[in-house]
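Heads up: the structure comes next, in structure tokens.
Only a predicted model underlies this, so the values are computations on that prediction, with no experimental measurement involved.
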Amino acid sequence: MSSDTLAKIPAASEIPEPADVPRIVPQRRYGQWAAAVVVLALFGFAVNSVLRNRAFQWDVVADHFTSDSVLRGLWLTLWLTAVVMVLGFALGTLLAAFRLSANPVLRAVGWGYVWLFRSIPILVQLLLWFNIGALYPQVFGVRTVNLLSPVAVAIIGLTLHEAAYAAEVVRGGILSVDRGQIEAAQALGLSRWRRWRRIVLPQAMRAIVPPAGNMLIGTLKGTSIVSVIAVDDLLFSTQLIYHRTYQVIPLLMVATLWYAVVTSLLGIGQHYVEKHYARGTENAR
């Protein structure tokens, strides 16, 4: 390019700005700010009402929050939740294998189990198992009343109920894995166990963990229903106290706060487990 041509090119500072270019102004979202103010005001009013309402008797809540009977009930609730989840997912995994089997009989058994136990409310199931002696007074020569304690009834009823939902969670997770990857692993000569351990399970867990975490929290709260068959869980322990002291609201608040604490901790654990299995994906956080 010649020097005469360069001389004709104006400098950047000499280029006039077009007069008709509009200036970009951020949109003012007055409605969102007004809604936020209203929500915060209502939240503050609710918190103030709860803290200043003497009917809650927060001093009584503090006295019983870590009492021996409440902590024993809390321990039984946690233990019952862990046992039911382990047994429920073990049985649910077997049922998921039945539903994915090529054998029509196994598929029918798996489908029938899921249909039956998802159709019957958990309270009805517990009451049926609690009164099983009316149907079978003796099993293997042992009286059913002596064979099934309230805790055993709670474990059986909750496990059978959770297994039906766990079966669908596991089945959905396995079906979420692309079939082409399994076929590629077969083409590479990987054994069935290595295919499941290296290919299927790591990817299926991304779909299994979120609903499984919700099931765990739901099971923790659902164990409160065993109080109807006199299992000494967290709720039943607080009920025993307020039946004696008539301080219903503060003792219910004790149970509510403990459930909130434990579910919050489980939610944090679920977040990190999901993050672990989401490694390498775009939506991992």
Pair listing, ring pair (Phe, Tyr, Trp, His ring centres under 6.0 Å) test, anchored in residues 157-177, at least two apart: His161-Tyr165
Under 3.5 Å donor-acceptor, Asn131 side chain and Leu127 backbone: yes
Spatial distance of atom CD (Glu162) from atom CE (Met215) [nearest 0.5 Å]: 4.5 Å
Ring pair (Phe, Tyr, Trp, His ring centres under 6.0 Å) evaluation trace for Tyr246 with Tyr242: CA-CA 5 Å; Tyr246 300 102; Tyr242 72 62; 9.3 Å; no
Heavy-atom donor-acceptor pair, Thr223 side chain to Leu220 backbone, under 3.5 Å: yes
Check: Thr93 side chain, Phe89 main-chain N or O, donor-acceptor pair, under 3.5 Å: yes
From His243 atom NE2 to Phe236 atom CZ, the distance as rounded to the nearest 0.5 Å: 8.5 Å
Separation of Leu91 CG from Leu160 CG (nearest 0.5 Å): 7.0 Å
Stepwise ring pair (Phe, Tyr, Trp, His ring centres under 6.0 Å) check, Trp258 with Phe65: CA-CA 8 Å; Trp258 270 121; Phe65 191 71; 4.4 Å; yes
Side chain to side chain contact (heavy atoms under 4.5 Å, CB included) evaluation trace for Thr159 with Val86: CA-CA 9 Å; Thr159 297; Val86 171; over 6 Å; no
Audit row: Met205, His276, side chain to side chain contact (heavy atoms under 4.5 Å, CB included) steps and yes/no: CA-CA 10 Å; Met205 289 299 290; His276 171 76; over 6 Å; no
Side-chain touch Pro150/Val226, heavy atoms, less than 4.5 angstrom: no
From OH (Tyr259) to CG (Leu234), nearest 0.5 Å: 4.5 Å
Atom pair CG (Asp233) and CD (Gln239), whose distance is rounded to the nearest 0.5 Å: 8.0 Å
Whether Ser49 side chain and Ala46 backbone form a donor-acceptor pair below 3.5 Å: no
Evaluation steps, side chain to side chain contact (heavy atoms under 4.5 Å, CB included), between His64 and Ile241: CA-CA 9 Å; His64 291 283; Ile241 298 175; 3.8 Å; yes
Ser69 vs Leu240, side chain to side chain contact (heavy atoms under 4.5 Å, CB included): CA-CA, chis, key distance, verdict: CA-CA 9 Å; Ser69 59; Leu240 289 179; over 6 Å; no
Thr66 OG1 to Leu74 CG distance, which is reported to the nearest 0.5 Å: 11.5 Å
Check: Trp58 side chain, Arg52 main-chain N or O, donor-acceptor pair, under 3.5 Å: no
Modelled atom types, side-chain donor and acceptor of Ser237 and Asp232, under 3.5 Å: yes
Side-chain (Gln125) to main-chain (Ile120) donor-acceptor, under 3.5 angstrom: yes
Arg99/Glu168 salt bridge by N-O under 4.0 Å criterion: yes
